[in-house]
Structure formats: structure tokens, C-alpha cells
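Below you'll find the structure, written out as C-alpha cells, and then a few comments.
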Amino acid sequence: MSSGPRFRFAPSPTGFFHVGGARTALWNWALAHSMGGTFVLRIEDTDAERNRPEWTQGIIDALEWIGVHADDPHFEGPYFQSQYAEQHIAAAHRLFEQGAAYYCDMTAADVEARNKAEGNQGYQGWSRDRGLGPGPGHVLRFRVPEGTTVVHDLVRGEVSFDNALIEDFVLLRSNGSPMFLLANVVDDLTMGITHVVRAEEHLPNTPKQQMMWEALGHPAPVWAHVPVLVNEARKKLSKRRDKVALEMYRDEGILAEAMVNYLMTLGWAPKGGEEIQPWPQMQADFRLEDVNHSPAFFDLKKLGAFNGEYIRRMSPEEFLEACRPWLFAADAPFPADRFDEAVFLAMAPVIQPRATTLAEAPAVIDFLFLADPAIDADAWAKATATPELVGVLRSSTAAFEALTDWHADALKAAFESAAEANGFTKPGKAQAPVRVAITGRTVGPPLFESLEFMGRDETLRRLRNAGATIG
RNA sequence: GGCCCGUUCGUCUAGUGGCCUAGGACACCACCCUCUCAAGGUGGCGGCACGGGUUCGAAUCCCGUACGGGCUGCCA
């Protein structure tokens with residue numbers, strides 16, 4: 001076991017990777033690196049319902065995507081909580097033997113009934129002194145000592161809890177299996193965890209865990225409870241209501257670097273006022289002491305802005321490579337055999353500023369790789385609504401036919417004369433008929449560059465076909 | 001209900017008693033650039049939840065109120 005600080009990330013498999021978990025993992029990862037420590041991955045799979053091998057692989061893949069590499073020297077694991085059940089139970093028995101825990105034969109229904117009769121809530125320590133031993137239907141409960149438990153939290157400072165308000169919680173179920181709180185503490189203890197950095201929702205559990213650490217004869221680790229991520233209604237992000245699966249963002253063409261950068265800025269800000277930062281810089285600068293105390297809204301718009309920024313910073317080659325999955329996907333806007341890499345590469349500088357996600361990129365230049373792009377009927381009607389507009393279409397077609405130098409500059413000059421000949425002083429206002437005839441839409445990348453790459457024959461063919469529909 | 005945490009522009013944040021006439025980013029608006037749309041540039045709108053203290057001085061410290069959130073399981 002290494003000597004530096006030991007952090008841990010302990011997700012339970014649920015079939016997808018939560019963005020909030022991703023941020024927690026990233027923060028632990030940054031700390032493990034900057035403090036020369038270790039990041040321990042532990043899969044908390046003790047709930048049989050949540051235990052499927054492919055889900056575990058999903059967690060590892062997601063971590064890999066955000067840069068938490070399993071082959072990095074700072075990475076350790078994965079460990080599987082379910083494989084340590086014997087140790088959890090042994091620790092529980094130790095607590096029983098030393099009097100820190102006791103058995104109770106009351107069922108949940110019994111507890112509820114007695115509370116109802118007495119007008120109370122929670123478990124009142126009824127079996128504390130009954131001297132019960134293990135047996136069928138008996139649960140093992142922790143004997144919460146009197147006093148106050150003070151949790152030293154790196155994010156929140158000192159938080160104190162009155163032990164009188166903490167009920168004697170269950171360690172071992174009546175079937176003998178360990179509860180989460182027990183398993184969690186025993187694992188952290190045996191894995192030598194020194195820093196527990198996790199979401200704020202675990203703060204109310206912390207005094208219980210701290211008491212267990214102490215009862216087991218060890219000083220508690222350093223705690224740090226970071227704020228949760230919330231939706232627009234300011235509720236904790238939930239898988240039922242909100243889009244929380246990291247995989248979904250990846251599939252939409254959010255770049256890992258952009259996601260990582262954005263996640264890092266939720267509840268924390270890089271030094272120096274510039275929020276777009278390379279990972280090594282953020283990793284070095286991240287401090288728990290600087291983390292905000294209040295929940296942060298996961299803003300899709302801002303994520304998109306970060307992603308756009310990262311897309312624009314890519315070289316055309318990098319952009320092409322990143323786009324490949326969407327370029328050749330089954331639902332790509334054009335057939336794979338019509339796609340031309342050289343054209344895409346040449347057009348990349350004008351595609352990049354127009355795509356917020358990689359998934360949007362193919363559609364920006366789909367008309368270049370489509371035999372016959374669908375013409376938007378409304379756009380076409382508007383683009384040919386006046387005689388002048390139709391005139392532009394006819395005369396620019398003629399001007400292009402006469403062109404010997406098929407390049408963007410020449411095409412532009414030819415078009416402008418055609419537009420002016422039809423009474424347009426601002427040629428830009430007259431390009432709709434040509435643009436719609438060629439691309440099917442009124443908006444898109446620069447027209448003349450597009451025509452250059454489309455080629456003379458195809459350009460003229462589309463122009464003539466479109467012109468023919470006007471009669 | 002109880003316990004705990006929190007509260008700076010709509011959102012993410014900078015700010016750790018004087019540098020704050022509260023800075024940046026996203027969003028929004030306007031203008032510029034421009035072959036459309038973007039991108040880019042310039043400018044604008046907009047905030048210290050409220051009330052009391054402490055202090056020469058408070059967004060920063062203390063108390064209270066309001067509001068929000070989390071937890072409250074023989075789930076993890």
C-alpha cells in the first residue's frame with residue numbers, strides 16, 4: 001500500500017454513470033495526483049439488485065472517458081464490496097463482543113407499532129440491555145454513545161451532531177448480511193483510506209460512520225462533503241427526471257475534455273479568472289478548501305458553450321477524427337460511400353464554428369454528400385417569392401455556366417454581378433434562391449466555398465433542376 | 001415534524017474586513033464585422049435574501065428571520 005494520502009470513489013452500479021459521480025471522481029482524481037496519493041475505485045455492489053457485471057464495466061469505461069485511467073500509477077482497484085462480506089461481518093462481531101453493538105429481535109413492523117403506541121419516531125434503543133445474542137430474526141444494532149460527535153469537514157468546517165438524536169442503527173440485517181454503513185466503514189478502514197470526498201447527501205451519515213471508526217479503534221479519515229448537482233428546479237439531479245447519464249452526453253458528441261472542464265467548474269473555479277483550462281492546470285490547482293458550499297445547477301447551455309469552444313480549438317484533422325462515429329453512423333445524414341474526407345477536411349474550419357456538438361457536424365455540410373438534398377418547401381417558396389429573386393437564380397445560373405475559373409472568389413464575383421443585374425444593391429440579400437437550390441436550406445456554411453467543393457457539374461445540375469420547378 | 005447544510009447578476013462563479021462605484025463566464029439585448037447562419041469584436045441589462053449587531057469601515061465576522069436543499073430504510 002502506498003504511503004501518500006488515499007482517496008476513494010465508491011459508486012454503486014446502476015446501469016449508467018451519473019454526471020455528479022463524474023465530478024466527484026474527477027475531484028478525487030485531481031487530489032490523488034496533486035497530493036501524490038492514490039485513487040481507489042471500489043464498486044459498492046452489495047445490493048444484489050444492483051449487481052450486474054456489464055454495469056461495472058460501464059463505470060470503468062466512463063471513468064476512462066473522463067481521463068481516470070485504470071492503468072495510471074495513481075489508480076488502484078477496482079475492488080468489489082460484495083467480496084468483503086466476511087470482513088464486514090467479522091468487524092460487526094468484534095463490535096458486539098466489545099459491547100459497542102447489541103442484538104435486537106424487533107422487526108421493522110414491531111418498531112413501527114411501538115412507536116405508534118408511544119407517539120415516538122425511530123428506534124428507541126429498546127433492546128440495549130436485554131442481553132440478546134445472535135439468532136434467527138435478530139439484527140445487530142450499533143450502541144450510539146452519549147455525547148456529541150464533531151465532524152471535521154474540509155469543505156464545511158466543524159459540524160456537530162447530538163448523539164441523543166442518532167438512533168441505534170442496524171449493522172447486520174436479520175439475515176446476517178452487512179448494511180451499507182458498516183461495509184463502507186470497514187472497507188475504507190481496511191483499504192487505508194485517509195480522505196473521504198463525497199457528495200453532501202452523505203453528511204448526515206457521517207457521525208455514525210465516525211463513531212464506528214472510533215469504536216473499531218481507528219481515527220476517522222479526513223471528511224469532505226461537496227455540494228450536490230441540481231436541476232432547474234433546484235432539486236438533486238435524479239435519473240428519473242433528469243438527463244444525468246454521462247454516456248448520453250458522450251453519444252451526443254460532447255467532448256470528454258469539455259465535459260471534464262465544465263464539471264470541474266461546478267462548485268469550484270480555476271485560479272486566474274479563465275474557466276477554460278487544461279486538465280493538468282486544474283488538477284494542480286484544485287483544493288477542497290476552495291469548493292463552494294451551495295448546490296450547483298447543471299446547465300446544458302453552458303456545457304454546450306464549453307463544447308463549442310473545445311471544438312473550435314481543434315485542428316481540422318482532430319476534428320475529422322472526432323467526428324468519425326457520427327459521419328459513418330447508421331443515422332448519418334448521407335450515405336457513407338458518398339462521403340469525401342478531403343472535402344470535409346477542407347470545410348472543417350467553417351463547420352467547427354457552426355457545431356455545438358460533434359453529432360451536429362455532419363448535418364452542417366450534408367448537402368455536399370447527398371445525391372439530392374431535400375429542399376425545404378417554405379424556404380424555397382420564400383426564396384423565389386419575387387420576380388427579382390427568380391431573376392437572380394436564372395442569371396447566376398447563367399453566370400456560373402460561363403465561368404472558367406471555378407473558385408470561391410470567382411463564384412462570388414459572378415454571383416454579385418448577377419444579383420446587381422436584378423436590382424440588388426446588397427448581394428447578400430439575394431443569395432437565398434441559390435443557397436436553397438443547392439443546400440435545401442436558407443442557412444449554412446459560406447455559399448461560394450461550398451460551391452467550389454461541390455464542383456461545377458453538380459452545382460449547375462441542382463441550379464437547373466431547381467429553376468425548372470418554377471416553370 | 002426532527003436533524004444537518006446552504007443563500008453574490010437568470011445560471012456557474014471571483015471575492016477570506018478597506019483595492020467593491022462588487023469582477024469574469026454562460027444566457028439575453030444592441031451594434032460592428034459579414035455572401036446566409038454561425039464564429040469573432042464592442043457595448044448593455046442584471047446580483048451581495050432580509051433584519052439586527054460587532055467595527056472607524058462588512059458581500060466578507062456574530063445573532064435572528066425568511067427561503068432553498070439534503071437526510072430521516074433490516075437501500076447504497
Side-chain angles (χ1 to χ4, degrees), chain A residues 10-14 44-47 49-50 81 104 106-108 111 121-123 137-141 151 153 155-157 159-162 165-167 169-181 183-184 199-207 225 227-228 230 232-236 262 265-276 289-290 292-306 308-309 311-312 349-356 364 408 411-412 415-416 419 426-432 434-436 439 441-450:
Chain A
S12 56
T14 55
E44 308 225 317
D45 58 349
T46 47
D47 183 346
E49 311 249 319
R50 303 189 191 182
Q81 187 159 70
C104 173
M106 293 175 75
T107 64
V111 171
Q121 270 193 327
Y123 179 77
H138 294 193
V139 297
L140 183 69
R141 287 182 180 271
V151 171
D153 189 291
V155 172
R156 282 153 214 288
V159 184
S160 54
F161 298 83
D162 181 354
L165 268 10
I166 299 174
E167 67 175 37
F169 52 96
V170 174
L171 259 20
L172 253 28
R173 298 186 183 88
S174 52
N175 67 5
S177 65
M179 289 283 290
F180 156 74
L181 237 37
N184 200 262
E200 187 187 2
E201 62 205 77
H202 293 286
L203 186 51
N205 278 333
T206 308
H225 289 90
V228 297
V230 297
E232 47 281 281
R234 302 246 117 217
K235 302 281 190 209
K236 188 174 72 164
Y262 177 62
T265 68
L266 253 25
W268 176 77
K271 294 291 173 206
E274 179 50 64
E275 52 188 8
I276 301 286
E289 292 80 352
D290 298 331
N292 271 167
H293 297 182
S294 45
F297 170 52
F298 188 78
D299 187 348
L300 277 338
K301 279 247 183 82
K302 190 152 185 180
L303 205 213
F306 270 58
E309 180 71 32
I311 285 179
R312 274 171 253 127
V350 300
I351 303 171
Q352 286 168 269
R354 290 173 175 77
T356 297
V364 176
L411 285 158
K412 182 176 185 229
F415 172 81
E416 285 174 351
K426 292 197 172 179
K429 302 293 177 200
Q431 66 166 281
V434 175
R435 181 177 285 283
V436 177
T439 73
R441 294 183 292 261
T442 54
V443 301
L447 226 206
F448 307 110
E449 278 80 350
S450 301

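Hydrogens, waters and symmetry mates are skipped; everything else that's a heavy atom, side chains included, is used.
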Under 4.0 Å between any heavy atoms, over every strand shown, what does Arg441(A) touch: base, sugar-phosphate, or nothing? Just pick one.
nothing
Apply side chain to side chain contact (heavy atoms under 4.5 Å, CB included) to Ile276(A) and list each qualifying residue two or more places apart in sequence or on a separate chain.
Asn261(A), Glu274(A), Phe306(A), Glu309(A), Tyr310(A), Arg313(A)
With sugar-phosphate taken as primed atoms, P, OP1 and OP2 and all else as base, the protein-contact string of nucleotides 42-51 of chain B at under 4.0 Å (heavy atoms; B, S, -) is ----------
Those residues that, when tested against Arg435(A), pass side chain to side chain donor-acceptor pair (under 3.5 Å) (two or more places apart):
Gln431(A)
Under the side chain to side chain donor-acceptor pair (under 3.5 Å) test, residues paired with Lys302(A) that sit two or more places apart:
Glu275(A)
Please name all residues satisfying side chain to side chain donor-acceptor pair (under 3.5 Å) with Thr107(A), sequence neighbours left out, ordered by chain then number.
Asp110(A)
Under the side chain to side chain donor-acceptor pair (under 3.5 Å) test, which residues partner Asp153(A), sequence neighbours left out?
His225(A)
Base, sugar-phosphate, or nothing for Lys236(A), non-hydrogen atoms under 4.0 angstrom?
sugar-phosphate
With sequence neighbours left out, what residues match Glu232(A) under side chain to side chain contact (heavy atoms under 4.5 Å, CB included)?
Asp242(A), Phe297(A)
With the sugar-phosphate defined as primed atoms, P, OP1 and OP2, and the base as all remaining atoms, what B/S/- string results for nucleotides 4-16 of chain B, 5' to 3', for protein heavy atoms under 4.0 Å?
SSSS---SBSSS-
Within the 4.0 Å heavy-atom criterion, would you say Lys235(A) contacts the bases, only the backbone, or no part of the nucleic acid?
sugar-phosphate
Restricting to side chain to side chain contact (heavy atoms under 4.5 Å, CB included), what partner residues turn up for Ala108(A), sequence neighbours left out?
none
